[in-house]
Amino acid sequence: MSDDLRQARLKKLAALRELGLDPYGQRFPGAIPVREALGLFVEGREDVAVTVAGRLMALRKMGKAQFADLHDITGKIQVYVREDKMDPAQAARFPHLDLYDLLGVSGTLFRTRTGEVTIAARELTPLAKALNPPPEKWHGLTDVEVRYRKRYLDLIANPEVRETFLRRTRIIASIRRELDARGFVEVETPMMHPIPGGAAARPFITHHNSLDMDLYLRIAPELYLKRLLVGGFPKVYEINRNFRNEGFSTKHNPEFTMMEVYEALGDYSTMMELTEQLVATLAREVSPAHRIPFDGAVYDFTPPWRRVAYMDLFREHAGVAWGDAAAIRAKAAAAGLPTGSRPVEAVANDLFEKYCEPTLTGPVFVIDYPTAICPLTKAKRDRPEICERFEAHVAGMEIANAFTELNDPIDQRARFECQLANKDEGMARIDENFLDALGYGMPPAGGLGIGIDRVVMLLTNSKSIRDVILFPMMREQEAS
RNA sequence: GGGGGCGUAGCUCAGUCCGGUAGAGCAACGGUCUUUUAAACCGUUGGCCGUGGGUUCAAAUCCCACCGCCCUCACCA
């Protein structure tokens, strides 16, 4: 039983206490990262002293000698223990170790007969006793459910998982660096909204007790970032969580990380250039040759990316004419898509997503969307039925969505009212405060949203969004 | 929500088709071993076979329901 394994470890914990040691350790100054320690080795010398701290991942006992593998985030170092040639008080500590214990080790570096740089241990300091038995050492932890529920074990046991999440961190840092260098200012806007807006999605509802008011976890920060444009911040961005109360999949997590950028005096063309440059920079950091492998294909993000007009794609692949409302509804119904009382453009867009988007490999910009499905986007001056919006698609995923922002408060109100009339579109209530803000004058601007999780998926060759979110949404389950 | 798959020791997995005493490797425990690399060798322990019901003389195995996970479709500005 697992309980037996635990009991064996508790016995060793007690033994450490009897030696006067604290199995859970104290401040441990002087430890250096494992990789750094390995770098201090000087060929031919065996007197270089180092101190490291890490997790005990393997133990090979050979009579009076034993070899241990100590891991930290930077790597692995082997520890050599000769019980008969050590201070007896120190030697007495070693029999009470278990795999996964956290240890501090001091000693001198040498090279073993088989060539591995190793610490000859002089001093051992317990830092934390592991009471739970570890996953199997060779196959590691493969059960995806356990990997997601106990991500800490996944990170310990699977080095490539560590690498994926470190890369995620580097990607986000790089985005910030690039935007900061271009003069964008990072801001934080509310996560709890009285009216959910800026996207069409079902929100999570929560409640503020002392105000006795329902609040919504934000589905997008858009309407608040635009208020900042009104307020005179010309270039703002936010990287933070959005929440959408919808089904989840390999490409959707209920909470996900979105970056939104707004640039006063720009438009969707400037956002297209920004998108290309940002993603290309990230891709170059992953692969200087600009060859990004993903799901069996290879993508090159070198600008400029292909641009294709929405209507051209529709004409080519939808199988019906954009203007033929009856044919559009008939085709959608035949395809099992909802038609009902929805506006014909919304139904047509379903056809677009079903028949046109899958033909895109990318990276590609789909540009110039029908105005009817873009309530926050400025229409083209000469063609009011088309608006200045693009989506960037790669490998069947939408990774970016941007437009020339609608800044006419009267037009914006009309669009909201039209949206509200179609209950189907999911809008609950018009955000009057947002319209009021536009009434003070918002500069013409380009706005861009990039789904960070999906970009990280692309750049880490991860097929599931759960592999790039440390703690993906899971049904609650009792602790095991 | 629909369809498909999976759930057996702490971990990685056989066994299920075709019902007949619950298996292996790793880990643990006890030995041998003074430079090993998944150390090796000898021995021992460890199981509500996801949960509940049914069929049967007999169920890990067949049937039903439920729980959880994965894939897929649907939903999804």
Legend entry - Check: A:F256 ring centre within less than 6.0 Å of A:F243 ring centre: no

>> For a quick test of reading the model: is some side-chain N or O of A:K12 closer than 4.0 Å to OP1 or OP2 of B:C29?
In response: yes

Residue set satisfying side-chain contact (heavy atoms from CB on, under 4.5 Å) with A:L223, at least two apart, ordered chain then number -> A:R227, A:L376, A:D431, A:F434

>> For the P atoms, the ones on B:A74 and on B:A65, what distance do you get once it is rounded to whole angstrom?
In response: 26 Å

Residues at least two apart in sequence or cross-chain that pass side-chain contact (heavy atoms from CB on, under 4.5 Å) with A:H71, listed by chain then number, are A:M57, A:D69, A:K76

Of the candidates B:C75, B:C71, B:C13, the side chain of A:R466 sits closest to B:C71

| said: Please report the distance separating the P of B:G52 from the corresponding atom of B:U61, rounded so that it comes out in whole Å. | reply: 13 Å

Within residues 354-361 of chain A, the residues having a heavy atom closer than 4.0 Å to RNA chain B are A:K354

Hits for side-chain contact (heavy atoms from CB on, under 4.5 Å) against A:T371, two or more places apart or cross-chain, chain-then-number order -> A:A379, A:C387, A:R415

| message | Rounding to an integer number of angstrom, what distance separates B:U72 and B:C66 when you compare their P atoms? | response | 24 Å

Quick note, A:R149 side chain, CB onward, closest among B:C69, B:C11, B:U72 is B:C69

Atom CG of A:D467 and atom C1' of B:C70 are separated, to the nearest Å, by 12 Å

| request: Would you indicate, yes or no, if B:C13 has its OP1 or OP2 atom less than 4.0 angstrom from a side-chain nitrogen or oxygen of A:T142? | output: yes

Could you check A:E83 against A:Q66 for side-chain contact (heavy atoms from CB on, under 4.5 Å), going step by step and ending with a plain yes or no? CA-CA 8 Å; A:E83 290 182 16; A:Q66 45 188 302; 2.6 Å; yes

A:D4 CG to B:C11 C1', in whole Å, measures 16 Å

pair_partner(B:G68), Watson-Crick or wobble, both distances < 3.5 Å, evaluates to B:C6

Quick note, side chain to side chain donor-acceptor pair (under 3.5 Å) partners involving residues 394-406 of chain A, not counting sequence neighbours, are A:K226-A:E405, A:E388-A:T404, A:R389-A:N401

Under a 3.5 Å limit on both distances, the Watson-Crick or wobble mate of B:A40 is B:U32

**OP:** Write down the distance separating the P atoms in B:C18 and B:C63, rounded off to the nearest Å.
**Re:** 10 Å

For A:M192, I'd like to know if atom CE has over 12 heavy atoms of other residues, nucleotides or ligands within 6.0 Å.
no

**Q.** Inter-nucleotide P distance (B:A60, B:G1), Å rounded
**A.** 31 Å

Separation of B:U36 atom P from A:F110 atom CZ, nearest Å, is 11 Å

### Query
Expressed as a whole number of Å, how far does the P atom of B:C69 sit from that of B:G23?
32 Å

Between A:A8 and A:E353, the residue closer to the 5' end of RNA chain B by nearest nucleotide is A:A8

Between CZ of A:R147 and C1' of B:C11 the distance, given in whole Å, is 15 Å

Quick note, A:R202 side chain, CB onward, closest among B:C11, B:C76, B:C75 is B:C75

Exercise. Name the nucleic acid region contacted by A:Y80, choosing base, sugar-phosphate or nothing; use a 4.0 angstrom heavy-atom cut-off, strictly under.
Key: base

How far does the C1' atom of B:U8 sit from the matching atom of B:G50, given to the nearest Å? 10 Å

Margin query: Please evaluate residues A:T108 and A:V48 with respect to the criterion side-chain contact (heavy atoms from CB on, under 4.5 Å), reporting the C-alpha separation (whole Å), side-chain torsions for both, the decisive distance (0.1 Å), and the verdict.
Written below: CA-CA 5 Å; A:T108 50; A:V48 179; over 6 Å; no

Considering only heavy side-chain atoms of A:L141, the closest of B:U35, B:G68, B:C11 is B:C11

Scanning all shown strands, the Watson-Crick or wobble mate of B:U56 with both distances under 3.5 Å is none

Separation of B:C11 atom P from A:Y100 atom OH, nearest Å, is 12 Å

Taken in chain and number order and not counting sequence neighbours, the residues that satisfy side-chain contact (heavy atoms from CB on, under 4.5 Å) with A:D467 are A:R147, A:Y148, A:S462, A:S464

pair_partner(B:A27), Watson-Crick or wobble, both distances < 3.5 Å, evaluates to none

Using the ring centroid of each side chain, check whether A:F390 and A:F365 are separated by less than 6.0 Å. yes

Any strand, both distances under 3.5 Å, Watson-Crick or G-U wobble: B:C49 pairs with none

Hey, what are the protein-to-nucleotides 37-41 of chain B N/O distances that come in under 3.5 Å?
{"residue": "B:U37", "atom": "O2", "partner": "A:E116", "partner atom": "OE1", "Å": "3.1"}
{"residue": "B:U37", "atom": "N3", "partner": "A:E116", "partner atom": "OE1", "Å": "2.7"}
{"residue": "B:U37", "atom": "O4", "partner": "A:T112", "partner atom": "OG1", "Å": "3.3"}
{"residue": "B:U37", "atom": "O4", "partner": "A:T114", "partner atom": "OG1", "Å": "2.1"}
{"residue": "B:A38", "atom": "O3'", "partner": "A:K137", "partner atom": "NZ", "Å": "3.3"}
{"residue": "B:A39", "atom": "OP1", "partner": "A:K137", "partner atom": "NZ", "Å": "2.5"}
{"residue": "B:A39", "atom": "OP2", "partner": "A:R60", "partner atom": "NH1", "Å": "2.9"}
{"residue": "B:A39", "atom": "N7", "partner": "A:K61", "partner atom": "O", "Å": "3.2"}
{"residue": "B:A39", "atom": "N6", "partner": "A:K61", "partner atom": "O", "Å": "2.9"}

Applying the 3.5 Å cut-off to both distances, the Watson-Crick or G-U partner of B:U16 turns out to be none

Worksheet entry | Rounded distance in Å between the P positions of B:U45 and B:G30 | 15 Å

Taking 4.0 Å as the cut-off, does a side-chain nitrogen or oxygen of A:T250 come that near to OP1 or OP2 on B:C71?
no

In whole angstroms, the gap separating C1' of B:C29 from CZ of A:R9 amounts to 13 Å

List, one per line, each side-chain donor-acceptor pair under 3.5 Å for residues 352-362 of chain A, sequence neighbours excluded.
{"residue": "A:E353", "atom": "OE2", "partner": "A:N349", "partner atom": "ND2", "Å": "3.3"}
{"residue": "A:T359", "atom": "OG1", "partner": "A:C356", "partner atom": "O", "Å": "2.6"}

Counting the atoms with a prime plus P, OP1 and OP2 as sugar-phosphate, which does A:D143 contact under 4.0 Å by heavy atoms, base, sugar-phosphate, or nothing?
sugar-phosphate

To the nearest angstrom, the CG-P distance between A:N349 and B:C76 comes to 11 Å

Taken to the nearest whole Å, CG/A:L5 to C1'/B:C26 is 12 Å

For A:Y262, the ring-ring contact (aromatic ring centres under 6.0 Å, His included) test, sequence neighbours excluded, returns none

